[in-house]
**Student:** 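Quick one: this structure, given as structure tokens, is what I'll be asking you about.
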Amino acid sequence: MEKIYNYINGDLVKPKEDAWLENYNPAIGEVYSFIPDSDGQDVDSAYKAAQEAFPLWSKKTLKERSDVLQKIADLIIKNLDELSLAESIDNGKPLALAKKVDIPRAATNMSFFATAILHENSDTHQMNQLAINYTLRKPIGVVGCISPWNLPLYLFTWKIAPALAAGNTVVAKPSEVTPMTAYLFSKICQEAGLPKGVLNIVHGLGPKVGEPITKHANIKAISFTGGTETGRKIAAIAAPMFKKLSLELGGKNPNIVFADCDLDKAVSTSVLSSFSNQGQICLCGSRIFIERKIYQDFKNKFLDKVQNLTIGDPLENTTKIGALVSNDHMQKVLNHIQIANDDGGVLLSGGKQYAPEGRCENGYFVEPTVFEGLSYNCATNQEEIFGPVVTLTPFDNEDEVINYANSTKYGLSATVWTKDLNKANRMSHLLQSGIVWVNCWLVRDLRTPFGGVKESGVGREGGAYALNFFTETTNVCISYD
Ligand code: NDP
């Protein structure tokens, strides 16, 4: 069976203890490869390689750094089919989705930051007759990047691209649940000629690999995407060490549908924002609030589309709903469905595990599930499920829906459907959310600030926000005298 290796100092290497973890294909429920069960010793080796690589990498010209990162982007596209298949097998997501979204976006992340550094400017502040200040941006040194399983290569590259572009060297940990494309990525880095030690990838468990990265005295910045509780643990370690911290955490996003919207567009986009990637996107809108006047209409049209979603083998072209990422995660989602039932929710669609016929009969599938009749403050409407489960709730006015929308501890994204621009602006001001989409969902301009408020995170990724995070500033004040 295939083994995945760590990528340290430019080489593909075994973990020091030669210990291995099983890696599952969630669509068939079987182990299909082994990944390193690394520990602090492997993190130390990775750190050492990164530290040695830093002086040369940070002193390369912007053009030299840009060229290597662009080459990596080109190789991702060249290997689109292989990477998409690997992502689908490792994660359970439909192959068509990996091919259309995950892998192209990973390439775009690399090329976006490869070119962004060529077009940057920095501030100057003039003091008449006296002095001029300019802002110098310097790479931090060795930085840590920790990413989750839901959009594996997409989110992995979203962190390491700005870190490397800004001149840092990196110790990175992908999710242990979906390590395959990060492994293939290390081979791409070798082929692209990324100097050894500039990027180091250590595979393994959160507590055994992620924690040593977080605790490392000389890894000065941590960029983390994952669950809120893991983010809290990381902050508890890193904050007293005065590390720079970027935390992209969980969400429980409202999708607000006003009666004056384009109903057909709201319905079809809501199906995507509910169930894309089996609802395992931090930006999915799992709480759908519908103005009462159109509640029945929306509900009928929405259920009609949901019941037509094809669920099953992720490798089939027609599949819209693939497998959940693991058995553990499936059990967690099924438990949430049970809680929604116990709390008096009315099940409108789905609600069960699903066993497709054929090779995927033992896979981790859950039907797209829709509830109504639950209060806005019950567990189902407050806790992140991160699966194919949504609720429908009617509302009568803006104040009421703002209260519902802002009632959770999260504040990542929100969607508003209305043709009234004034209403859209009012809502955008009042929603406690890092991102508001009006009449659309998941439309992304990589220059914009990306991140959450409240327990959805600290800091922003994207464009200059990410490059600022991965640099330290020095103000240089030069006297005119
Ligand atoms: P986790 O928080 O469980 O894991 C994220 C990463 O952290 C994994 O690589 C994990 O390793 C690692 N990790 C786990 N424990 C520790 C630790 N003690 N110290 C350091 N690292 C650790 O999240 P999931 O992978 O389950 O991802 C789902 C979550 O991610 C959801 O809450 C979702 O909302 C959030 N998310 C947020 C996004 C955003 O942009 N705001 C985007 C995408 C997802 P291991 O895999 O071994 O456990």
Side-chain angles (χ1 to χ4, degrees), residues 21-24 35-40 43 90-91 93 102 105 109 144-159 171-180 182 201-216 219 222-238 243 245-253 276-286 324-326 328-330 332-333 336 383-387 408-413 433-435 442 444 449-462 465-466:
L21 299 162
E22 293 176 328
N23 186 29
Y24 278 79
I35 84 158
D37 182 8
S38 312
D39 61 23
V43 171
D90 214 26
N91 173 280
K93 68 177 67 211
D102 291 71
R105 173 60 193 277
N109 289 340
C145 297
I146 303 174
S147 56
W149 49 256
N150 64 324
L151 301 166
L153 193 61
Y154 175 139
L155 289 175
F156 186 70
T157 49
W158 182 232
K159 294 189 176 307
V171 177
K173 186 195 115 48
S175 170
E176 154 261 329
V177 187
T178 53
M180 187 56 90
I201 303 174
V202 186
H203 294 276
L205 298 167
K208 283 177 76 176
V209 176
E211 216 172 290
I213 293 175
T214 311
K215 279 186 173 154
H216 201 289
I219 297 180
I222 302 289
S223 174
F224 169 80
T225 298
T228 293
E229 286 320 308
T230 314
R232 205 185 303 282
K233 282 187 203 158
I234 287 174
I237 294 168
K243 296 191 181 203
L245 260 184
S246 167
L247 300 173
E248 299 294 335
L249 310 176
K252 187 73 188 176
N253 310 306
S276 289
N277 207 39
Q278 298 71 249
Q280 302 166 133
I281 302 179
C282 53
L283 305 163
C284 278
S286 54
L324 297 193
V325 76
S326 66
D328 278 357
H329 190 58
M330 179 178 73
K332 182 188 146 197
V333 170
H336 275 288
E383 289 166 18
E384 185 184 44
I385 299 174
F386 215 56
T408 73
K409 63 183 182 183
Y410 297 108
L412 187 53
S413 73
S433 183
I435 299 151
L442 209 49
R444 293 280 292 119
F450 180 89
V453 301
K454 301 200 286 189
E455 295 196 12
S456 285
V458 177
R460 293 292 179 271
E461 296 186 319
Y465 299 88

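For this chain, numbers begin at 1 and follow the sequence in order. Numbering of ligands and ligand atoms starts at 1, following listing order.
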**Student:** In Å and rounded to the nearest 0.5 Å, what is the CG to NE2 distance from L21 to H203?
**Tutor:** 11.0 Å

**Student:** Run the side chain to side chain contact (heavy atoms under 4.5 Å, CB included) check on K332 and D328 step by step: do they pass?
**Tutor:** CA-CA 6 Å; K332 182 188 146 197; D328 278 357; over 6 Å; no

**Student:** What do the steps show when you test K159 against T225 for side chain to side chain donor-acceptor pair (under 3.5 Å), and what is the final call?
**Tutor:** CA-CA 9 Å; K159 294 189 176 307; T225 298; 2.7 Å; yes

**Student:** For ligand 1, does L151 get within less than 4.0 Å through its side chain, its backbone, both, or neither, judged by non-hydrogen atoms?
**Tutor:** neither

**Student:** Could you find the nearest protein heavy atom to atom 28 (C) of ligand 1 and give me its residue, atom name and distance?
**Tutor:** F386 CE2, 3.6 Å

**Student:** Between K233 and ligand 1, does any nitrogen or oxygen pair lie at a separation below 3.5 Å?
**Tutor:** no

**Student:** List every atom of ligand 1 that sits less than 4.0 Å from any heavy atom of P174, numbering the atoms from 1 in the order shown and giving each element.
**Tutor:** 9 (O)

**Student:** If you count the atoms of ligand 1 from 1 in the order shown, which ones are under 4.0 Å from a heavy atom of L205?
**Tutor:** 47 (O)

**Student:** If you have a sec, work out which protein heavy atom is nearest atom 36 (N) of ligand 1 and how many Å separate them, to one decimal?
**Tutor:** C282 CB, 3.7 Å

**Student:** Consider side-chain contact (heavy atoms from CB on, under 4.5 Å). Of K93, M330, Q280, Q278, which one does V325 pass it with?
**Tutor:** Q280

**Student:** Does ligand 1 have a heavy atom under 4.0 Å from the side chain of L283, from its backbone, from both, or from neither?
**Tutor:** neither

**Student:** Taking L151's backbone N and O only, do any of them form a donor-acceptor pair with D102's side chain (distance below 3.5 Å, no angle check)?
**Tutor:** no

**Student:** Verify the ring-centre separation between W149 and F156: is it less than 6.0 angstrom?
**Tutor:** no

**Student:** Return the option from G210, S147, C145, P148 holding the heavy atom at the smallest distance from atom 9 (O) of ligand 1.
**Tutor:** S147

**Student:** With distance as the sole test, does T228 use its side chain to make a donor-acceptor pair with the main-chain N or O of G250 at under 3.5 Å?
**Tutor:** yes

**Student:** Considering I222, N150, I435, L249 one by one, which has a heavy atom nearer to atom 37 (C) of ligand 1 than any of the others?
**Tutor:** L249

**Student:** Measure the distance from atom 47 (O) of ligand 1 to every protein heavy atom, then report the residue, atom name and distance (to 0.1 Å) of the closest one.
**Tutor:** G206 N, 2.9 Å

**Student:** Checking a contact table here: which protein heavy atom is nearest atom 40 (O) of ligand 1, and how many Å away?
**Tutor:** F450 CE2, 3.3 Å

**Student:** Specify the protein heavy atom at minimum distance from atom 32 (O) of ligand 1: its residue, its atom name, and the distance to 0.1 Å.
**Tutor:** E384 OE1, 2.6 Å

**Student:** Please step through side chain to side chain contact (heavy atoms under 4.5 Å, CB included) for the pair F450 and E248, ending with a clear verdict.
**Tutor:** CA-CA 9 Å; F450 180 89; E248 299 294 335; 3.8 Å; yes

**Student:** Between W149, F224, Y154, flag the one that comes closest to atom 7 (O) of ligand 1 by a heavy atom.
**Tutor:** F224

**Student:** Who's the nearest protein heavy-atom neighbour of atom 18 (N) of ligand 1, and how far?
**Tutor:** E211 OE1, 3.6 Å

**Student:** Can you tell which part of I281 has a heavy atom less than 4.0 Å from ligand 1: side chain, backbone, both or neither?
**Tutor:** neither

**Student:** Side chain, backbone, both or neither: which part of I146 has a heavy atom under 4.0 Å from ligand 1?
**Tutor:** side chain

**Student:** For atom 4 (O) of ligand 1, is the nearest protein heavy atom closer than 4.0 Å?
**Tutor:** no

**Student:** Between the side chains of R232 and E455, is the shortest nitrogen-to-carboxylate-oxygen separation below 4.0 Å, so that they form an ion pair?
**Tutor:** yes

**Student:** Around atom 15 (N) of ligand 1, find the nearest protein heavy atom and jot down its residue, atom name and distance.
**Tutor:** T230 CG2, 3.4 Å

**Student:** Going by heavy atoms in the side chains, are K252 and E383 under 4.5 Å from each other?
**Tutor:** no

**Student:** Report the part of L155 (side chain from C-beta onward, or backbone N, CA, C, O) that has a heavy atom under 4.0 Å from ligand 1; answer both or neither where that applies.
**Tutor:** side chain

**Student:** Does any donor atom in the side chain of D90 or N23 lie under 3.5 Å from an acceptor atom in the other side chain?
**Tutor:** yes

**Student:** Can a non-hydrogen atom of G231 be found less than 4.0 Å from any atom of ligand 1?
**Tutor:** no

**Student:** I would like to know whether E211 and K233 meet salt bridge (charged side-chain N to carboxylate O under 4.0 Å, His left out); could you show each step before the answer?
**Tutor:** CA-CA 9 Å; E211 216 172 290; K233 282 187 203 158; over 6 Å; no

**Student:** Does the side chain of K208 pick up a donor-acceptor pair with the side chain of S38 at under 3.5 Å?
**Tutor:** no

**Student:** Kindly compute the distance separating CG (N253) from CD (E384), expressed to the nearest 0.5 Å.
**Tutor:** 8.0 Å

**Student:** Quick test: of every protein heavy atom, which one is nearest to atom 11 (O) of ligand 1, and how far off is it to 0.1 Å?
**Tutor:** K173 NZ, 2.9 Å

**Student:** Which atoms of ligand 1 have any heavy atom of G227 under 4.0 Å away?
**Tutor:** 1 (P), 2 (O), 23 (O), 29 (C), 30 (O), 32 (O)

**Student:** Going by heavy atoms, is G204 under 4.0 Å from ligand 1?
**Tutor:** yes

